Amino acid sequence: MLTFVHFFEQIKQMKDYDFEAIESKWRERWKANGTYRTEEVSEKEKLYVLDMFPYPSGAGLHVGHPLGYIASDIYSRYKKLNGYNVLHPMGYDSFGLPAEQYAIQTGQHPAITTEQNINRYREQLDLIGFSYDWSRQVKTSDPSYYKWTQWIFLKLFDSWYNNTTDKAEKIETLVAEFEKNGNQEVEAVNACEEIFDASTWKGFNEKKQQEILLDYRLTYISNSVVNWCPELGTVLANDEVKDGVSERGGYPVEQREMRQWSMRIGAYSERLLQGLETLDWTDSLKEIQRNWIGKSVGASVHFDIDGNENQLEIFTTRPDTIFGATFMVLAPEHELVNELTSTDQKEEVEQYIIRTKTRTERDRLSDVKTVSGAFTGSYAIHPFTGEKIPIWIADYVLAGYGTGAVMAVPSGDQRDWDFANHFGLEIPAVIEGTDVSQGANDDKTGVLINSSFLDGLKVKDAIKRILFEIEKKGIGERQTNYKMRDAVFSRQRYWGEPVPMYFKDGVPYPVAEKDLPVILPEVDKYLPTEDGEPPLGRAENWAYQPEGDSNSYPLELNTMPGWAGSSWYFMRYMDPDNTDEFVSKDKLNYWKNVDVYLGGAEHATGHLLYFRFWTKVLHDLGYVSFDEPAKKLINQGMILAEDGQKMSKRYGNVVNPDDIIKSFGADSLRLHEMFLGPIEQHKPWNTKGIEGVHRFLKKYWRMVHNSNNEFSVTEETPTKEEYKALHKAIKKVGEDNNRFSFNTSVSTFMVAVNELIDLKCNKREIIEGLTILLNPHCPYITEEIWEKLGHSDSIVNTQWPEFNEEYLIESNFSYPVSFNGKMRFKLELPLALSKEEVENKVLGNEQSAKYLEGKSPKKVIVVPGRIVNVVV
RNA sequence: GCCGAAGUGGCGGAACUGGUAGACGCGCUGGAUUCAAAAUCCAGUUCCUUCUGGGAGUGCGGGUUCGAUUCCCGCCUUCGGUACCA
């Protein structure tokens, strides 16, 4: 009998806070009532809070993935309670390699696996209780979505970058100019080496004209050296290669020349750089982008070549050191190498070129210390001294940067110094005080020597002077270079957006807009064809018949890279079902750009650059009013496994949120993830710690339930202390939420609940306020208690409580009294006292005598309401 | 090498503009309750110490200040980015 009673006791206690019942109840209600439907264009102020959408992998979510989602969800809910119309959507970056690799192995269509993974993700996300408006979901692999990705591609194809207006313009304006004046006057970012006048242009045949235009278009096809990954069977963008291996999979990458689509992101280097100044992103992330863009200001100088009509164009950031140039170095791939190589040196040079070619990117990276090179046998003429300076080739000069040639100043550049030192070339000092026996001096300070008319000038002034002289002589000009290369846009893959282009006479033409989307065709296998064509080469009837043309033409076989769909998805959420436009003007004008964007810092040189780039292009073309996609960016840190390692299947240390939710509930999971530490920081998961926040929720539950677990609040007017406890929390939580400091807001909740429990408070007014404060962090339990408090409308439609300063005003303050900066004791004094009165009270206090040791104090600092410090 | 961020108890972390270092939580110790356990509650918990007290203490060494985790200078360590970019 006794045990029987105990058994019931236990059941009752277990049911205390029945998170499972509460959470499933509200999940259903929220869904049925469309609680999280976002208002369309409204009178309210808008706020756009966005998470980086996930690639739905087969492994599902682990406990680290939702960290940022929880933070943005809390912020969204908090802002909604404060009267904003909040757009907080979610979707899937659903094209990508893993689904395709799986398809290759199993024959399963990637669309099927992707769909399964998405469903699994959705189930997991739904458990956590996010306030996403799922009616706005986007999937990049959905034809209704990628139709517009293809459309934007066509817009880029149909544009050129006008340096005079400093923006992208429609290609027709360029054609008009060609027809009027040729390209002589055009200031454009381009790769066209030909100069022609109007009549020449008109004389070109269609093919030639198209080829020339391709040199100007923002997206273009060209033969370029690319990162080819044989293992993945595709090319990779620079940001997808780390340390000479592929970021995904870690497979070797080699350089190969291929015909590829690229995007002229280089046209936007300066604006991408300048735009950073206007963004509220972390300094470290902005710095990563700055370095990646890699601006350097200098000059290009043409050197005559002894006995040769060509000139050698070099780029230097230190034109002032030109008198210290004792040799020239060309990249082994430089176009003049052949011509400049003398018969004597031919063998050595060829040997060297073969050697550098066979070295992989990786070897080259791992072996930067070894100095190597070969003399061509030719000499350049120094433009100011007329001296002959030998021309070498060496692989420390990169073909892809600047002009692929440098003037070597061994006293001013360590690489040149190493080279000169190794081959026994001269190293004359050109900056006063340089010890050339030790190494180069690359300081931009000091005074020039051995430099003719520059002698005695400071570096800064010498640069100005030499630029003037160079330009006067007509042998060069000021020039700015950027490290960032154009982005390769082709992937030899199946599971991506088809490029909406077809080929006629070897020239690419756009598919008509009305024929979009170009639907990804079915193929028998997801592998390259026998001829080494991409998988789309297996598709039947992969051709396009333009309107009014009786022929059909082969479509492009490459697909777009992973970053295509993610470069504009934030706009589609505003108007996901629009079939006429990528997004309507009205909606774009209301929602504008993202106010807060949450995601990992690993996308710094990839997605986050590309999505700024596309936004700027769409801005230039008049489609969007803003030219930066996200005003504020927060990089959430990683949650590591309990062992401090990365959470990964490989280490067997993955914690699944579903399990945590089963044992503690989603509210506990949410609170715990926030309580772990600052959002931007990496921090280890701690399963034990979740009991702390779970205990807190139980305490909160018991505040408003009696020992029989019956809901119980009183209607009494709260005391001053109770108001104080609540209003302290209103103030602090509001401040914390605004600055994404959710770990401290959780601790504020705990303090408030502890205080109110000490006060035995279950008064309606206080409980209601507290419940609203808690709601963004733990939506389920607060919704339940809100209902029990007698509200028929969801808590998400209520208002954040107003903070009233009066409840915090105190008449006394317990002063910490320090002697020589050490806190010794506390003394409670009225806040109304003047500094003098405080000083007198403190010195008159018996405890002070001990620390004064009979001496009289030198000085007493009184900061009213803060501290007293006595200097002895 | 260069650039950036960060170093606080046994652990995660707090201290927002220079003003009581260690909030809050985990863990640990002791106690109450219980036949017992779970759950819950109470007390303690930076280190040293000659313990109604005293001393040290926010990576290390200096400095500014009545007062420094916070500001300045120099170093060390960890993490991230980048890597012959002329």
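Predicted, not measured: the structure shown is a model, and the values here were computed from it.
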Can you list, pair by pair, the side-chain donor-acceptor contacts under 3.5 Å of residues 674-683 of chain A, counting residues two or more places apart and other chains?
unit_1  : atom_1 : unit_2  : atom_2 : d
H682(A) : ND1    : M638(A) : N      : 2.6
K683(A) : NZ     : P678(A) : O      : 2.6
K683(A) : NZ     : Q681(A) : O      : 3.3

| query | Taking the C1' atom of each, how far is A23(B) from G12(B), in whole Å? | reply | 13 Å

Is E735(A) paired with R739(A) through a side-chain N to carboxylate O contact shorter than 4.0 Å? no

Residue set satisfying side-chain hydrogen bond (donor to acceptor under 3.5 Å, both in side chains) with H334(A), at least two apart, ordered chain then number -> none

In whole angstrom, give me the gap between the C1' atoms of U34(B) and A39(B). 11 Å

B/S/- along nucleotides 22-28 of chain B (protein heavy atoms under 4.0 Å) is -BBSSS-

Base orientation of G9(B), chi within 90° of 0 counted as syn, else anti, reads syn

Rounded to the nearest 0.5 Å, the CH2 atom of W281(A) sits from the CG atom of N635(A) at a distance of 9.0 Å

query: Rounding to the closest angstrom, what is the interatomic distance between G25(B) and G13(B) at atom C1'?
result: 9 Å

Is it true that H672(A) and F664(A) have ring centroids separated by less than 6.0 Å?
no

Flag for E240(A)-S246(A): side-chain donor and acceptor within less than 3.5 Å:
no

Fill in: Sugar-phosphate, base or nothing in reach of K858(A), heavy atoms under 4.0 Å
nothing

Residues in residues 282-291 of chain A with a heavy atom under 4.0 Å of RNA chain B, by number, are S284(A), E287(A), I288(A), N291(A)

- Query: How far does the P atom of C47(B) sit from the matching atom of C11(B), given to the nearest Å?
  - Reply: 11 Å

Review point. In terms of ring plane angle, is the pair Y815(A) and F813(A) parallel, tilted or perpendicular, where the classes change at 30° and 60°?
Key: perpendicular

Determine whether the side chains of N840(A) and E836(A) contain a donor N or O and an acceptor N or O closer than 3.5 Å. no

From the list T321(A), T316(A), D320(A), side-chain hydrogen bond (donor to acceptor under 3.5 Å, both in side chains) with R318(A) holds only for D320(A)

Phosphate-side-chain proximity, Y396(A) and A86(B), N/O vs OP1/OP2 below 4.0 Å:
no

Letter by letter from the 5' end, nucleotides 53-67 of chain B scores (B base, S sugar-phosphate only, - none; protein heavy atoms under 4.0 Å) -SS----------BS

F696(A) CZ to C41(B) P, in whole Å, measures 13 Å

By nearest-heavy-atom nucleotide on RNA chain B, the more 5' of V863(A) and D736(A) is D736(A)

task = Compute whether any side-chain donor of one residue and acceptor of the other, for S668(A) and Y17(A), lie under 3.5 angstrom apart.
result = no

What about K826(A): does its side chain form a donor-acceptor pair under 3.5 Å with the base of U20(B)? yes

Per the glycosidic torsion and the 90° limit around 0, nucleotide C51(B) is syn

Remember a base hit wins even if backbone is also touched, and classify K483(A) as base, sugar-phosphate or nothing at under 4.0 Å, heavy atoms. base

| field | Rounded C1' spacing from A21(B) to A56(B) in Å | value | 13 Å

Its dot-bracket string being built from Watson-Crick and G-U pairs below 3.5 Å, with | for another strand and [ ] for crossing, RNA chain B has the pattern (((((((..(((......[....)))((((((.......))))))((((...))))..(((((..]....))))))))))))....

Could you work out the separation of C71(B) and A5(B) based on their P atoms and round it to a whole Å? 12 Å

Report task. Just call it for Q681(A): base, sugar-phosphate, or nothing, with non-hydrogen atoms closer than 4.0 Å on any strand. Result -> sugar-phosphate

Between C3(B) and A68(B), how many Å separate the two P atoms, rounded to a whole number?
31 Å

Separation between CZ (F742(A)) and CG (L67(A)), nearest 0.5 Å, reads 10.5 Å

Given the C1' atoms of G27(B) and G10(B), what is the spacing between them in whole Å? 8 Å

